[in-house]
Amino acid sequence: MKQEHARSMSSRPRRFTRRAINIHGLRRKRISWLFLLGVNNSGTTLLENLLGRHPEISKLPEEGHYLSRVLPRPNPLKARRIWTERLEVFRKVPEDGGGMSAARLKWDWLGHYSVDGRSRFLMEKSPPNTIRGPWLQHHFKPASFLALTRSPYAVAEGIRRREGHSVERAARHWTIANQIMLDDLDRLDGSLLLSYEDLCADPSKEMIRITRFLKIDPYPDEFLRESLPIHNVTEQPSLIKDFNESSLERLSAEDIRMIEDIAGEVMSRLGYEFFTG
């Protein structure tokens, strides 16, 4: 699939300008950008799949950093799921500039969206976007942001299980990424902070919050009762379910203490309770 994407990118015109991008009529059609923020294993895939079913939201076939050469990818840099260890590469702020890079990025992405007369938002989910919200806001206008958090216990366990990284590195990644994201939210004009736990506990209530925030039609409740692709232990489609407890069971007491020592301040800021008290 990635070879096909590479061929499609290389076959496009090399000349790209903001004027060329406007030919797509996004401003005329009042279509906005929607960015999902949240570290890997935070439930962003679940949220993306839910929102991607809404008729007013268009999504990319995969994470946007795989569809363009503009954004760095964690895998080649040996930073898969721990990209905060390379902040000098992945962190972007408006002061960094990058207008032409953003224009190229739009050009690359727009060729992959399926936009019809009902589309209101172009949604994008690349986990490192979590630490470049203000840069995206500066270059992608208008833009809205949904920021999703999840317990560091579950995130750290998931990163260790999927990538083999230590709990210490995973917890530090969770802490840095969420701290930056929370600080950045104050600089974003349109953002909504959500949690994986609330989404799983009452998906209907959370989807009402989201659709009201985006000012789009209500989300069909019947969609919430269907299985969705989700990153879990089995990698099988699942109904909306909180998997935090099963993640916690795979952590030792030492793991839990380490996570709390590293992430405690940000946990408190987000309202997450300490397991060990």
Side-chain angles (χ1 to χ4, degrees), residues 16-22 24-40 42 44 47-48 51-52 54 56-60 63-74 83-84 86-110 112-113 115 119-149 176-195 209-216 266 269-270:
F16 62 98
T17 64
R18 290 177 179 82
R19 181 176 180 277
I21 290 169
N22 288 336
H24 291 266
L26 299 186
R27 293 181 181 176
R28 177 174 53 81
K29 295 178 181 178
R30 297 184 179 179
I31 295 178
S32 303
W33 296 92
L34 174 60
F35 294 100
L36 305 188
L37 310 181
V39 299
N40 307 77
S42 287
T44 52
L47 182 59
E48 180 190 38
L51 292 174
H54 194 288
E56 296 177 68
I57 298 176
S58 297
K59 60 176 287 190
L60 290 171
E63 293 174 357
H65 54 186
Y66 293 125
L67 303 175
S68 174
R69 297 186 181 93
V70 171
L71 295 177
R73 303 177 207 169
W83 28 264
T84 54
R86 297 295 305 276
L87 281 179
E88 77 283 2
V89 176
F90 291 98
R91 173 69 164 157
K92 279 183 175 291
V93 293
E95 294 75 18
D96 293 334
M100 290 308 293
S101 294
R104 176 78 242 188
L105 194 54
K106 293 176 190 177
W107 179 270
D108 292 338
W109 284 350
L110 286 170
H112 294 277
Y113 284 106
V115 179
S119 295
R120 289 277 312 283
F121 287 94
L122 303 179
M123 179 171 58
E124 206 286 301
K125 177 192 80 79
S126 294
N129 283 347
T130 304
I131 57 173
R132 49 186 175 229
W135 184 86
L136 291 167
Q137 176 177 257
H138 183 76
H139 293 290
F140 291 76
K141 298 179 180 180
S144 297
F145 298 85
L146 297 177
L148 188 67
T149 68
I176 294 170
N178 280 284
Q179 189 168 35
I180 291 174
M181 182 181 75
L182 288 173
D183 291 342
D184 282 350
L185 290 182
D186 292 335
R187 303 173 63 185
L188 301 181
D189 297 329
S191 64
L192 180 65
L193 182 62
L194 306 159
S195 78
R209 289 183 65 210
I210 292 171
T211 53
R212 285 179 176 173
F213 166 71
L214 297 176
K215 298 179 181 178
I216 56 178
V266 180
R269 189 174 175 184
L270 287 169

Looking only at non-hydrogen atoms, find the nearest pair between [X] and [Y] and report the distance.
{"X": "K59", "Y": "G52", "answer": "CD-CA, 3.8 Å"}
{"X": "L214", "Y": "R120", "answer": "O-NH2, 4.0 Å"}
{"X": "R91", "Y": "I131", "answer": "NH1-O, 2.6 Å"}
{"X": "G98", "Y": "W135", "answer": "O-CZ2, 3.8 Å"}
{"X": "I57", "Y": "L51", "answer": "CB-O, 3.6 Å"}
{"X": "L148", "Y": "T44", "answer": "CD2-N, 3.6 Å"}

Please check this pair: side chain of [X] against backbone of [Y], looking for a donor-acceptor N/O pair closer than 3.5 Å.
{"X": "D108", "Y": "L105", "result": "no"}
{"X": "E124", "Y": "G64", "result": "yes"}
{"X": "R104", "Y": "R69", "result": "no"}
{"X": "T130", "Y": "A177", "result": "no"}
{"X": "H139", "Y": "G97", "result": "yes"}
{"X": "Q137", "Y": "R187", "result": "yes"}

Could you measure the distance from the [atom1] atom of [X] to the [atom2] atom of [Y]? Nearest 0.5 Å is fine.
{"X": "L136", "Y": "S144", "atom1": "CG", "atom2": "OG", "value": "12.5 Å"}
{"X": "M181", "Y": "I176", "atom1": "CE", "atom2": "CD1", "value": "14.0 Å"}
{"X": "D184", "Y": "Q179", "atom1": "CG", "atom2": "CD", "value": "11.0 Å"}
{"X": "I31", "Y": "S58", "atom1": "CD1", "atom2": "OG", "value": "7.0 Å"}
{"X": "F213", "Y": "S191", "atom1": "CZ", "atom2": "OG", "value": "6.0 Å"}
{"X": "L60", "Y": "K125", "atom1": "CG", "atom2": "NZ", "value": "11.0 Å"}

Parallel, tilted or perpendicular: ring planes of F90 versus W83, cut at 30 and 60 degrees: tilted
Take the angle between the ring planes of F35 and W109 and call it parallel below 30°, perpendicular above 60°, tilted in between. tilted
Is any side-chain heavy atom of [Y] closer than 4.5 Å to one of [X]?
{"X": "S195", "Y": "T149", "result": "yes"}
{"X": "T84", "Y": "I180", "result": "no"}
{"X": "S101", "Y": "V70", "result": "yes"}
{"X": "L110", "Y": "V115", "result": "no"}
{"X": "I216", "Y": "F121", "result": "yes"}
{"X": "W33", "Y": "F145", "result": "no"}

Inspect the contact between R269 and D183 and indicate whether a charged nitrogen and a carboxylate oxygen are less than 4.0 angstrom apart. yes
